[in-house]
Chemist: 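Dropping a structure here in structure tokens format, bear with me for questions.
For clarity, every value in this text was computed on a predicted model and none was experimentally measured.
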Amino acid sequence: MKHDLTRRSFLRCSAQSASGLWLASSFKETILWGVEAGSASFEPSVFLRISSNNQITFYVTRSEMGQGIRTVLPMVVAEELNVDPSVLVLRQASTTPEFAKVRLRTSGSSSSTGTWRAMRRAGATAREMLRSAAAERWQVAVDECVAEDGTILHRLSGRSLSYGSLAAAAAKLPLPQDVPLKTAKDFRVVGTRRKRTDGPEIVTGKASYGLDFKLPGMRYAVMLRSPIFGENPIKWDASRALQLPGVREVAPVLSGLAAGIAVTADDTWTAIKARDLIHVEWAAGPNRSFSSEGFYMQLRSGLQREGYLSRVEGSFSEHESAAAETLEAVYEWPYQAHCPLEPMNCTAHVKSDSCEIWVPTQAPEEAQERSAKLLGVPVSSVTVHVSILGGGFGRRLFTDYVVEAVELSKAIGHPVQLVWTREDDFKFGYFNPPNFNRLIAAFGPDNQLTGWFHRVASSDLSIYPHTSTDPMRYAKDGDPWGAYDNPYSFPSMLVDYVPVESPVPTGPWRSVDYPGAVFARECFVDEIARHLGTDPIEFRLTLLQHGQELVLGEQKIERGRLAGVLELARAKSGWGSKPKKLAGRSFGRGVACNVYDAKTYMAQVAEVSVGPQGDVKVHRIVCAVDLGQPINPLGIEGQVESGIIWGLTSTLKSTMKFKDGAAQGSTFGDYELLRMDETPEIETHIVASNLAPCGLGEQPVPLVAPAVANAIFAATTKRVRRLPITPADLS
């Protein structure tokens, strides 16, 4: 990873490598495996193995973290292979040599997008080679052989052969070029509703997560870190800790995000108790006075100065100077935590010339590379095995907890499972940076909107630090997300970005930078519509100029598709119907829409009521989505529901606070999540499409806050411009 890569470029480059590099190479380099002497299996691609006993093994090349990728990817390959996905035996790909040119990273909601064509080619290649093998055995034309349900049929003679019985013969055939792929009208698997492949194992407790892994002689470890950002240990006294029965070693660990002292024991609980007995003197650093409230004041101040230009269309300054009227607002998005239910953990076993790692991670290649560098061994000497993840949300893109475990295993000479406690996860991880927005709308004498200004003040993600001095670096990278790629058309537009750095480690959160800017943009569009006395959906459709395409560098936004989901959401939500009557409560509907990374088009309508004490109840959210070819509609609905619940948590409940240089939250009691009885009715309406599928893991999140805030205004005429929304804001 180059340090001058930033948010969108890093994710985009990662996704492109998935559909480019290994597509061209893996088939040629792995097709020969099946022709080795005595081979009993046929391996038509790195993902797929068909054995003579008729077992079909599929290697999953993305991390399963709740998004259902172990269901979706088998569906795609099974479609072209003409088998039911349930017959595939799933194996998780590791960083072993055969996967050296295959992307294993899971990020950017690109798992389906980045693998769509490759998975189809894998299945189609196997299908065509098996047909050819059968035709050769029967001495008939290939066109007379049909692949169906794991069998090659010759309907003219009634003969049939299983895939397994043809595996050895197929492996000896030359690799076909340009294998035919099915058209959408012939799909039998893709587009059908499929329950999660691993659902029964997860709900019965049989699924294996990182914390479930054990090795003979393994130590369990936790770390003591300074609560203040950037402070390292000077000296420590572990004598009391070492007296506890079961405690094994105490050692410094310097390679992670925050340096600290690790304690190992025969079990995790003993290690935790021992940690509390270690006294450490920390080197005083410059961050002891840092607070989130103080930093928010810096962001508000930053909104008053010019930033790096991101997008310029027409002359906003001229329209503002000539404006008969202007409308201005500031919207504030606070710090957020990742808080996956499974805390960070990693098991590492460092040997004299190699290292093996078992870890729930979104970035196995980075874990492999960083561990190899730390140990001074070739990358090929490090193997990373990926378990199911108990939530990722971007936090497990970082490998700080991996190198901590590797360093510790090397230091003590034993395999070790390093565990972050819940408190560790809240205090010492990466956070979603705050995002403050200043917006101005200029109106001409005829009350026509003439100009749009959007300034964002935020922190660059510290995982992707900017090193370039190019004044247009943010524009070239499409930053700030949600402001740069504003889909609407205005006579003039000016977008700029003011970076304000803090000591808080920051990185991609679920939907990265979109939530703050989209919250501001979609609420301000609503403000303008109300100011003009126009229906908020009709106003948006007018700004989309009847489907004219928007080209922003490499991004192409089809405004007609965004208009389509807006109209679908309007129809399905009953937008124009009378407000519901709820005793003692005010009812309103609100709308928001967005195009995520120029790929996924979405609109949401929220139905909300507000009580006399300012309490908010979200009754219903209707989501319309155009994400290209739907692979598993049931999974899409689950992703939308998950994203909306995540978005409601940040809208109504959670924020991360910092004081005296330290994170203040330590449990889910401090960082409250949306409860089951607070979850609204959620409807998902999917646009039929034959286009290549696009991502959905992050996409629903940014729309929730503006849709809810706009609904609150419709109910109360009170405009909410900062999150989370509390009764005090509305009472």
Chemist: Taking the six-membered ring for Trp, is the centroid-to-centroid distance between Phe398 and Tyr430 below 6.0 Å?
Modeler: yes
Chemist: Identify whether the distance between the nearest side-chain nitrogen and carboxylate oxygen of Glu342 and Arg395 falls below 4.0 Å.
Modeler: no
Chemist: Looking at residues at least two apart in the chain, or sitting in another chain, which of them share a salt bridge (charged side-chain N to carboxylate O under 4.0 Å, His left out) with Arg288?
Modeler: Glu231
Chemist: Drop me the distance from Asp597's CG to Ser511's OG, to the nearest 0.5 angstrom.
Modeler: 12.0 Å
Chemist: If you measure only the distance, is there a donor-acceptor pair under 3.5 Å linking the side chains of Thr684 and Glu637?
Modeler: no
Chemist: List, one per line, each side-chain donor-acceptor pair under 3.5 Å for residues 273-284, sequence neighbours excluded.
Modeler:
unit_1: Arg275; atom_1: NH1; unit_2: Met223; atom_2: O; d: 2.7
unit_1: Arg275; atom_1: NH1; unit_2: Asp424; atom_2: OD1; d: 3.2
unit_1: Arg275; atom_1: NH1; unit_2: Asp424; atom_2: OD2; d: 3.0

Chemist: If we only count heavy atoms from C-beta on, is the Ile272 to Tyr220 side-chain gap below 4.5 Å?
Modeler: no
Chemist: Provide the closest heavy-atom pair for Thr71 versus Thr197 in the form atom of the first, atom of the second, distance.
Modeler: OG1-N, 2.9 Å
Chemist: Between Ser371 (side chain) and Val403 (backbone), is there a donor-acceptor pair under 3.5 Å?
Modeler: no
Chemist: Keeping the roles fixed (side chain from Asn287, backbone from Phe229), state whether a donor-acceptor pair exists under 3.5 Å.
Modeler: yes
Chemist: What residues, two or more places apart in sequence or in another chain, satisfy salt bridge (charged side-chain N to carboxylate O under 4.0 Å, His left out) together with Glu641?
Modeler: none
Chemist: Using atom types as modelled and distance alone, determine if a side-chain donor or acceptor of Thr115 lies under 3.5 Å from a backbone N or O of Ser111.
Modeler: yes
Chemist: Is there a donor-acceptor pair under 3.5 Å between the side chain of Thr113 and the backbone N or O of Pro693?
Modeler: yes
Chemist: Show the nearest heavy-atom pair for residues Pro360 and Tyr401, with the distance to one decimal.
Modeler: O-OH, 2.8 Å
Chemist: Does the separation of the ring centres of Phe658 and Phe295 fall below 6.0 angstrom?
Modeler: no
Chemist: Applying salt bridge (charged side-chain N to carboxylate O under 4.0 Å, His left out) as the test, list every pair that has at least one member in residues 236-262; sequence neighbours left out.
Modeler: Arg219-Glu249, Arg248-Asp266
Chemist: Under the salt bridge (charged side-chain N to carboxylate O under 4.0 Å, His left out) rule, collect the residues that match up with Arg194, sequence neighbours excluded.
Modeler: Asp84
Chemist: What pairs meet the salt bridge (charged side-chain N to carboxylate O under 4.0 Å, His left out) rule with one or both residues in residues 643-668, with sequence neighbours excluded?
Modeler: Lys653-Glu672, Lys653-Glu678
Chemist: Is a donor from one side chain sitting under 3.5 angstrom from an acceptor on the other, for Glu293 and Ser291?
Modeler: no
Chemist: With sequence neighbours left out, which residue pairs that include part of residues 348-365 fulfil the side chain to side chain donor-acceptor pair (under 3.5 Å) condition?
Modeler: Glu356-His385
Chemist: Contact between Leu408 and Thr264 at the side-chain level, heavy atoms closer than 4.5 Å - yes or no?
Modeler: yes
Chemist: Closest approach of Ile388 and Ala207, non-hydrogen atoms and distance?
Modeler: CD1-CB, 4.0 Å
Chemist: Could you go through Phe58 and Val89, starting from their C-alpha distance and side-chain angles, then the distance that decides it, and tell me whether this counts as side-chain contact (heavy atoms from CB on, under 4.5 Å)?
Modeler: CA-CA 6 Å; Phe58 176 69; Val89 176; over 6 Å; no
Chemist: Hey, are the side chains of Ile357 and Thr347 touching, using non-hydrogen atoms and a 4.5 Å cut-off?
Modeler: no
Chemist: Under the 3.5 angstrom rule, does the side chain of Glu407 hit a backbone N or O of Leu254 as a donor-acceptor pair?
Modeler: yes
Chemist: Return the set of residues passing ring-ring contact (aromatic ring centres under 6.0 Å, His included) with Phe519 (not counting sequence neighbours), or none when no residue passes.
Modeler: Tyr331
Chemist: Does the Gln699 side chain pair with the main chain of Leu696, one donor and one acceptor, at a distance under 3.5 Å?
Modeler: yes
Chemist: With a 6.0 Å cut-off on the ring centroids, do Trp481 and Trp509 count as close?
Modeler: no
Chemist: Passes side-chain contact (heavy atoms from CB on, under 4.5 Å), Asn345 versus Trp420? Steps please.
Modeler: CA-CA 6 Å; Asn345 64 90; Trp420 286 45; over 6 Å; no
Chemist: Looking at side-chain heavy atoms only, is the closest gap between Met218 and Pro216 below 4.5 Å?
Modeler: no
Chemist: Please lay out, stage by stage, how Arg675 and Asp677 fare under the test salt bridge (Lys or Arg N to Asp or Glu O under 4.0 Å).
Modeler: CA-CA 6 Å; Arg675 304 302 174 96; Asp677 63 347; over 6 Å; no
Chemist: Between Glu332 and Arg722, is there a salt bridge with N-O shorter than 4.0 Å?
Modeler: yes
Chemist: Keeping the roles fixed (side chain from Ser462, backbone from Thr506), state whether a donor-acceptor pair exists under 3.5 Å.
Modeler: yes
Chemist: Taking only residues two or more places apart in sequence or in another chain, which ones pass side chain to side chain donor-acceptor pair (under 3.5 Å) with Thr679?
Modeler: none
Chemist: Give me the ring orientation class for Phe290 and Tyr335: parallel if the planes are under 30° apart, tilted from 30 to 60°, perpendicular past 60°.
Modeler: perpendicular
Chemist: To the nearest 0.5 Å, how far apart are NZ in Lys214 and CG in Leu211?
Modeler: 8.5 Å
Chemist: If you look only at pairs with a residue in residues 642-652, which of them pass as a side chain to side chain donor-acceptor pair (under 3.5 Å), with sequence neighbours excluded?
Modeler: Arg510-Ser642
Chemist: Rounded to the nearest 0.5 Å, how far apart are CZ of Phe426 and CD of Gln664?
Modeler: 13.0 Å
Chemist: Could you check if a side-chain atom of Tyr296 sits within less than 4.5 angstrom of a side-chain atom of Pro434, using non-hydrogen atoms only?
Modeler: yes
Chemist: For Glu64, what residues pass the salt bridge (charged side-chain N to carboxylate O under 4.0 Å, His left out) criterion, not counting sequence neighbours?
Modeler: Arg196
Chemist: Which pair of heavy atoms, one from Ala663 and one from Lys427, lies closest together, and at what distance?
Modeler: O-NZ, 2.9 Å
Chemist: Who are the ring-ring contact (aromatic ring centres under 6.0 Å, His included) partners of His414, not counting sequence neighbours?
Modeler: none
Chemist: If you take all heavy atoms of Pro700 and Val704, which pair is closest and at what distance?
Modeler: O-CG2, 3.5 Å
Chemist: Please check if the side chain of Ser110 supplies one atom and the backbone of Ser107 the other of a donor-acceptor pair under 3.5 Å.
Modeler: yes
Chemist: Does the pair Glu404 and Arg225 meet the rule for a salt bridge (Lys or Arg N to Asp or Glu O under 4.0 Å), with working shown?
Modeler: CA-CA 12 Å; Glu404 286 176 342; Arg225 303 171 179 85; 3.0 Å; yes
Chemist: Looking at side-chain heavy atoms only, is the closest gap between Ile682 and Pro680 below 4.5 Å?
Modeler: yes
Chemist: Less than 4.5 Å apart, side chain to side chain, heavy atoms only: is that true for Val263 and Leu224?
Modeler: no
Chemist: Are any non-hydrogen side-chain atoms of Cys355 and Val406 less than 4.5 angstrom apart?
Modeler: yes
Chemist: What's the shortest heavy-atom distance between Gly516 and Asn435, and which atoms?
Modeler: C-OD1, 3.6 Å
Chemist: For Tyr671 and Gln336, run side-chain contact (heavy atoms from CB on, under 4.5 Å): C-alpha distance rounded to whole Å, both residues' side-chain angles, the deciding distance at 0.1 Å, then the answer.
Modeler: CA-CA 9 Å; Tyr671 192 88; Gln336 298 288 357; 2.6 Å; yes
Chemist: Determine whether Val247 and Thr270 satisfy the following criterion, side-chain contact (heavy atoms from CB on, under 4.5 Å), listing intermediate values before the conclusion.
Modeler: CA-CA 7 Å; Val247 173; Thr270 299; 3.9 Å; yes
